[in-house]
Number of protein chains: 4
Amino acid sequence: MNTHWTLFKITTFWESHGNALWVVIDWLPSNFEIDMDNIANELGRRKPGQSVITTQRKENDENFEVLSGIFEWKSTGHPITIIVKNENQKSNDYSNIKDLFRPNHADLTYHLKYGIRDYRWGWRSSGRETLSRVIAWAIAKQYLKEKFGIEIFAFTKQVWEFKAEKIDYKFIEQNILRTGDEKIASKMIEYVEGIKNDWNSVGWIIECHIKNPPSWLGEPVFDKIKSRLASSMLSIWWALGFEYGAWFDTVNLTWKTYNEWFYNTHWKVCSKHNNYAWILGWISTWEDIIFRVAIKPTSSIYAEQKTVDINWNEVDFQIHWRHDPCILPRVVPVIEAMSAIDILDLVLLNNSKK
Amino acid sequence: MNTHWTLFKITTFWESHGNALWVVIDWLPSNFEIDMDNIANELGRRKPGQSVITTQRKENDENFEVLSGIFEWKSTGHPITIIVKNENQKSNDYSNIKDLFRPNHADLTYHLKYGIRDYRWGWRSSGRETLSRVIAWAIAKQYLKEKFGIEIFAFTKQVWEFKAEKIDYKFIEQNILRTGDEKIASKMIEYVEGIKNDWNSVGWIIECHIKNPPSWLGEPVFDKIKSRLASSMLSIWWALGFEYGAWFDTVNLTWKTYNEWFYNTHWKVCSKHNNYAWILGWISTWEDIIFRVAIKPTSSIYAEQKTVDINWNEVDFQIHWRHDPCILPRVVPVIEAMSAIDILDLVLLNNSKK
Amino acid sequence: MNTHWTLFKITTFWESHGNALWVVIDWLPSNFEIDMDNIANELGRRKPGQSVITTQRKENDENFEVLSGIFEWKSTGHPITIIVKNENQKSNDYSNIKDLFRPNHADLTYHLKYGIRDYRWGWRSSGRETLSRVIAWAIAKQYLKEKFGIEIFAFTKQVWEFKAEKIDYKFIEQNILRTGDEKIASKMIEYVEGIKNDWNSVGWIIECHIKNPPSWLGEPVFDKIKSRLASSMLSIWWALGFEYGAWFDTVNLTWKTYNEWFYNTHWKVCSKHNNYAWILGWISTWEDIIFRVAIKPTSSIYAEQKTVDINWNEVDFQIHWRHDPCILPRVVPVIEAMSAIDILDLVLLNNSKK
Amino acid sequence: MNTHWTLFKITTFWESHGNALWVVIDWLPSNFEIDMDNIANELGRRKPGQSVITTQRKENDENFEVLSGIFEWKSTGHPITIIVKNENQKSNDYSNIKDLFRPNHADLTYHLKYGIRDYRWGWRSSGRETLSRVIAWAIAKQYLKEKFGIEIFAFTKQVWEFKAEKIDYKFIEQNILRTGDEKIASKMIEYVEGIKNDWNSVGWIIECHIKNPPSWLGEPVFDKIKSRLASSMLSIWWALGFEYGAWFDTVNLTWKTYNEWFYNTHWKVCSKHNNYAWILGWISTWEDIIFRVAIKPTSSIYAEQKTVDINWNEVDFQIHWRHDPCILPRVVPVIEAMSAIDILDLVLLNNSKK
């Protein structure tokens, strides 16, 4: 329950109050050269304090250490363990929340399920766990690109009414919201800054493109690509939904508007649109795999809140910590991470039969 | 890859051209009395030919046989195997599709991935596999209700612009579309009949309610309830999306409109709305779990279609078989089935720690 | 708990009272041509009634049927399901054992664990389940030989004081005890016939040779070759022990008598003896893997026995069915089967990293 | 492949050259009070340098640190991570073995399988990994005893011709060989000291008793108690065999000498001897489970050895490090550990169905 997938798999197990956090990445083939700067770079993309629209809490998350699985910059074929120290663990003052159940937090359910909780920390409920996944991404990304030419790009598709329409992958890293459309970026950012100044937070949609998939990914019944992607995306803390192909817009489509033909263009069978994501019989073709994830507004907000305490009395309280008005740009690499883990596991599963 | 979940799990493995289909249901506790009529009843809800808006192909799917795991109407604690004979397996004439790749079918990808295919059948790509899941549902349903008081209801939420708003669970089985709102049912049905007469098919949205969950379901990291439900729903052939809580509408919400308080009503902590589905720290509370699934229009349509053949030439073809204009009412029990399998597995996982 | 191993895996789930028994074999690569006569042949090697020293009960176990996974004699890449009808299921008279717990049978423990049992049958405790494994063997055997040149031979190593010393693989199928040493065979057989005439049964040791393993089989920690072989061998009903390398004779060895050097012979590193089975770091080399399994005397014997009934009173009873004085020659293919499943799963695991 | 078992499971992943080693223990029920001194005590039983007959290398293995899963001395229900620092990691001089393959080590096979190795360390092939298992034992032991009254005792059964016959559990910790028979202990120890002085090492047999098992442990087909125990025992570095019940002596038994009756003594069905270990239908009864493990002589010996180098030339070499003439007393807690992990996982599996 703390390990994800079958062959290429990640295991995480730390709790948010420890002095370090880490990930175990298993089943990467041996003798693969790993670019360490890339790991630091991806951790940097996820860390807090990147820009005015993410939390100002500082973490030196790029200072990772390899504990196993890599020898002289090459994978050994054994589990790769990478650790990041928690440098910003000085306790906040928790006395005002000690005896109450914060809304939208694990306080109540951990109390009921485990019969034990630590009011200071979220233990396994902390979204900081996603850092572990981003480390796996940094490695899987290199392997997928070098061995198979597969690349993955996630970006902000929509905030409020502002939608990215024309996607330029190169632009994603050039704006603090990690959106892909230069035209809409400044309006999006202005809106999110307003949300922040209002002590508020906001929901949004991320889109992800898996470029150049091989034409044999996926298993036909329970391990369909779409089933695995949905599982992985919804294992991300803030995700409320997953959609692909014709999206939830399918409700407005009939077969006549939805259906797709095969056309023969340059000796490659292809299509005119993407209503079914060109995953056929739940096996990928060479067409890009595109999906979207809906994300909820951050719940740790600097504002007065209402709840009940452990004696079931209604109480008011306030959290004084820094918060993310829009955790969005930090979620982008997490979504890329989970996609890459899905894809690489399916690659290795398929390879095993060769 | 043909088994779903950890303790309470189903295994399916038959192919669409066999003379029978079946399911293995593992890890049901022993000595539980099983109502066999209920199995027949649920198979009846999924079978073709139920009404004018489903395919007119006839299958006597209710004629199942128990091969193992049940002795004198009680579970033995060993794997339960249930088989249904394929009675309508007389071959269609497939000569016109022998050498081509049907769009939206597994023909092309099975050809590429496995290097072998049988043009007459979809093998493991056939949605008829969902019959196996409905058998598991018929059993899990009884166990969940009797032991835990949990009930599950899925129904048609939306077709085209017609939305079910006020849900009456008793009405679901009283209308051929299995919608839950008496006011909108006739309009929905009229619309779908029009689609059928136009040799067309249509997409739609199903909503599912898990009633009376225990306040300890779910594991906090990779086996979150939402992650498991998303995985299971997207493992259904026709599903394009999963959403819960504030849905994809989260993009229109800020924390101020989204956030939920705890209120103390009748000594039970509860909420005013459902934006986060009251799954806290990814553990269920006693609030109902509600989610939606987007379904694509059926692709096997009686109409002229375009594609390429195995020599990559563009060709036209037509399929002459009966089709479902709206497979919707038959998908309802499949969605209930996958929910029940998810929930019962999480129940047993939690029990193991007691 | 009814599935064995990770990629190449078998699932069995039938109970001994059903009218058929079967196996699901998953993850065989697609497009592999399967010799059906070989399946019949292996089933014939395991079936009852082969010779005077096995039970005279007759089963036409060679009459199997393929339900999925094979199309025009080739694997499809999907699960292979093979079924054998139970033709000899006419009930014995069980009235004398209805209310008692037979010694060395599952009667008592099934009563305690499951709270439900059927006195007529052993359900999942029946050794007839091993038939399923032999089917998998018949397929895995072909794949291992054709793709990797790996062959597996098991044979009777010892009965009473009679030991096979000089092994001739071709002789194994030429004697009813399936021993490998022509010199000792007639003495062994004579001894076992005496046991049979005395309404008795006997224990013995089987040895198994895995020839031409690749020099990369096995995983270093929990999935060591020896760990997997031990698990598989002890999952066989009648096995009491597993040993390899220097055997239990290790207790009589010191490093000076035990240790092995590498010698360079014909550009291939090799050894003079087999004390450590040449599994180094728990990865196989090109040296044969050799192990032994200890088997208990059959317990279903035509003789007066003592036990207690469900009211805990001591009682005498007698079973009137035919029995095997020495199930040995029928266990040989079961041991080959479990070895082959182990090896093929480790092969596919290793391939996945290529 | 780095995780063992299903619910209560351990994951290890460190390599022998790291500066710390650790274990993740998953699925211990929450709110269980853990005695930390017991962990230190069990680590002390396994560590080097305990007495004149184990290696004189010193490790302060008792200095462990809890990183997750325990809060105020109670289990949180989340994964328990415990770490031990490697304090004795100053490098030996490896120049003489850099380019050769040590016999009975992983050098050759890691070279062939992974294409990469570090001559200084064994990576995942190091038996020091068993320290991780002993940590899990220290916790599982407490849980099994407190919740179920189950206790586990392993001890030296035989070295050379010296056999322990009359076992006194209290004596085990009172002698440096951890044998259970006071009469034979001094002869055994004298023999092992002679082996040590001769720069030699020796094989032996350990016996293990699982006391007071519940009468419902084990699954009937692939997860039989004996299959799981065999798998776990053979996953221990130095194990060459596993046997139980009538042992390999079965070859000398017939049904008439082997068979066991049920007798009713004090309203409890029991037996006169232990030929089948009273595991019936592969479910435990209330009789103790007893098994033996054969252990090979240690291979890292201070003596001249022969081998080949990476150019396949024959060479001589010598290892100058300290060694264990008889690693036996240090293996005792490892065998207890693996038994406890097996048993506790089977306990939780059975509980899940309640």
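Here is how names work: the chains are called A, B, and so on, in the same order as the sequence lines, proteins then strands, and each is numbered from 1.
When all heavy atoms of B:G115 and C:N31 are compared, the closest pair comes out as O-ND2, 3.0 Å. Nearest approach of B:L67 to C:W22, heavy atoms of both residues: CD1-CH2, 3.3 Å. Summarising the geometry of B:R124 relative to C:P79, their closest heavy-atom pair is NE-CD, 4.0 Å, with the distance given to 0.1 Å.
Contact of B:S125 with chain C is not made at all, since no heavy-atom distance falls under 4.5 Å. Heavy-atom distances place the side chain of C:L7, and not its backbone, under 4.5 Å from chain B. Of the atoms belonging to B:N2, heavy atoms from both backbone and side chain fall under 4.5 Å from chain C.
With ring centers used as reference points, C:Y114 lies under 6.0 Å from B:H78.
Heavy-atom pairs under 4.5 Å with chain B peak, among C:V24, C:T81, C:T76, at C:T76.
Within residues 344-353 of chain B, no residue has any heavy atom less than 4.5 Å from a heavy atom of chain C.
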